[in-house]
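FYI, side chains are in, hydrogens and waters are out, and symmetry mates aren't considered; it's all heavy atoms of this structure.
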Amino acid sequence: MPKAKTKQINARASTDQKATMVITLYDGTREPIEGKDFLMRIFDGFQNQLFDKERPAPTTLFHLPYRDNLQDNCTVLASGDGYVDAGFTPVKLSLKAVAMVDLMLLEDKADFKFQTWAALKAHDPAISNFVSVGSSDADAEGHYDDLRQNKPLALASLLNLATAMNAIQLPNKTPLDYLKEILWDESLAQDRFFGYADKSLVDQVRRAAMEGEFAPEPSPGLFHPDATSSFKHIQFGEANIQLTFHEKDTKTVDGVDCIKVEPDIDYFKDLAAHTLRVCST
């Protein structure tokens, strides 16, 4: 009996533990939003509401119940007048580290504001070098300006994909380092592009998958015609980079043996959700 009583006390005490979450709100220019209130809503992994009140931007500190189970996988939502709602899931609570959540809220009538080619080269050379692969500087500037004026959604996607790939550390270098050519044609869309990459990128991604950084997609040809393999980065609960390889399509670029690659943003981590999205479009 004493042992059972001790266990009950410990179990009750564990439910009183609090984990810390910090939410910061940013505008479309990546600057913290100041002087405005936003409705903040937080749900736990079982969809129980933990918080539902307005708080002043940009930063709010929360102390939330810690359960040490799937209930700690929270969903965070933010909304405010004049802004498009934003959210993220899952946000994993922990007693060992603060859960940091950065949300970008775009204004209702927001529009793209791209840097000029000269500014991009000065402020983000890694991305401008990527846009220039397989092209002269003049041609790269022409491609960039054409998209900026005529296909802004495609340019936004290309820059987002490049930034995300540049942040992924493979066993050796980043995916961006292996790209040798971009296909500047109608295949360049608002969620993907096609290009040619050093064929050793496939082995690098497979090694990263063995270390748990990527997950292979079964039957890649189902969603990507002629694909031979496909791997999804699994860092986030949603909106991860997916690298799909078309290894039968080869090309030599500047003396390097390359294969066709298709980077895209996969908005759903779950394969069933991905299937429903594709079938509904």
| request: Would you please name every residue forming a side-chain contact (heavy atoms from CB on, under 4.5 Å) with D85, sequence neighbours left out? | output: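 For D85 the side-chain contact (heavy atoms from CB on, under 4.5 Å) partners, ignoring immediate neighbours, are S79.
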| message | Please enumerate all residues that pass side-chain contact (heavy atoms from CB on, under 4.5 Å) together with D185, with sequence neighbours excluded. | response |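 Here the qualifying residues are L183, S187.
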| request: May I ask you to establish whether K18 and Y66 are in a cation-pi arrangement, using a distance under 6.0 Å from NZ or CZ to the six-membered ring centre and at most 45° from the ring axis? | output: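 Because its charged atom misses either the 6.0 Å distance or the 45° angle limit, K18 does not stack over Y66.
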| K251 NZ/CZ over Y196 ring centroid, <6.0 Å and within 45° of normal |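 Judged by the rule, K251 and Y196 form a cation-pi pair.
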| request: State which residues pass ring-ring contact (aromatic ring centres under 6.0 Å, His included) with F231; sequence neighbours excluded, sorted by chain then number. | output: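 Listed in chain order: nothing, the list is empty.
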Validation row: [X], [Y] side chains within 4.5 angstrom (heavy atoms):
X	Y	answer
F62	I42	yes
D249	D226	no
L161	F193	yes
N240	K232	yes
P65	R67	yes

Verify, without hydrogens or angle tests, whether [X] (side chain) and [Y] (backbone) share a donor-acceptor contact under 3.5 angstrom.
X	Y	answer
S136	D139	yes
T228	E247	yes
D198	L201	no
H224	P220	no

| Residues two or more places apart in sequence or in another chain: which of them pass side-chain hydrogen bond (donor to acceptor under 3.5 Å, both in side chains) with D124? |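 Counting only residues at least two positions away or on another chain, D124 forms no side-chain hydrogen bond (donor to acceptor under 3.5 Å, both in side chains).
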Atom [atom1] of [X] and atom [atom2] of [Y]: how far apart are they, to the nearest 0.5 Å?
X	Y	atom1	atom2	answer
D137	N129	CG	CG	9.5 Å
F46	N73	CZ	CG	9.0 Å
D145	F114	CG	CZ	11.5 Å
K121	E141	NZ	CD	7.5 Å
L77	Q49	CG	CD	9.5 Å
L188	K151	CG	NZ	5.5 Å

For [X] and [Y], work out which heavy atoms get closest and say how close.
X	Y	answer
P216	P218	O-CD, 3.6 Å
A140	S135	N-CB, 4.1 Å
D68	D72	N-OD2, 2.6 Å

Going hydrophobic residue to hydrophobic residue with side-chain gaps under 4.5 angstrom, can you get from [X] over to [Y]?
X	Y	value
F130	V253	no
I127	F112	yes
V256	V261	no
L153	I241	yes
V91	Y26	no

| query | Looking at R192 and E262, does any basic side-chain N land under 4.0 Å from a carboxylate oxygen? | reply |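 The answer is yes: the pair qualifies as a salt bridge.
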So, [X] versus [Y]: side-chain donor-acceptor pair below 3.5 Å or not?
X	Y	answer
K36	Y83	yes
D203	S200	no
Q242	D264	no

Between side-chain atoms of residues 95-107 and protein atoms elsewhere (two or more places apart, or another chain), which donor-acceptor pairs fall under 3.5 Å?
none

Output a table of donor-acceptor pairs, distance under 3.5 Å, between side-chain atoms of residues 162-175 and any protein atom two or more places apart or on a different chain; print 'none' if there are none.
from, atom 1, to, atom 2, distance (Å)
T163, OG1, L159, O, 2.8
Q169, NE2, K173, O, 3.0
T174, OG1, L176, N, 3.3
T174, OG1, D177, OD2, 3.1

| query | Where does the angle between the aromatic ring planes of Y144 and W117 fall among parallel (under 30°), tilted (30 to 60°) and perpendicular (over 60°)? | reply |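 Plane angle between 30° and 60°, so tilted.
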| query | Any chance CD of E34 has more than 12 other-residue heavy atoms, nucleotides or ligands included, within less than 6.0 Å? | reply |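 Yes, because the 6.0 Å sphere around CD of E34 holds more than 12 heavy atoms from other groups.
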| Within 6.0 angstrom of D108 CG, more than 12 heavy atoms from elsewhere |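 More than 12 within 6.0 Å, yes.
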| message | If we check side-chain contact (heavy atoms from CB on, under 4.5 Å) with T59, which of these qualifies: T24, I33, I23? | response |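 Of the listed options, the one satisfying the test is T24.
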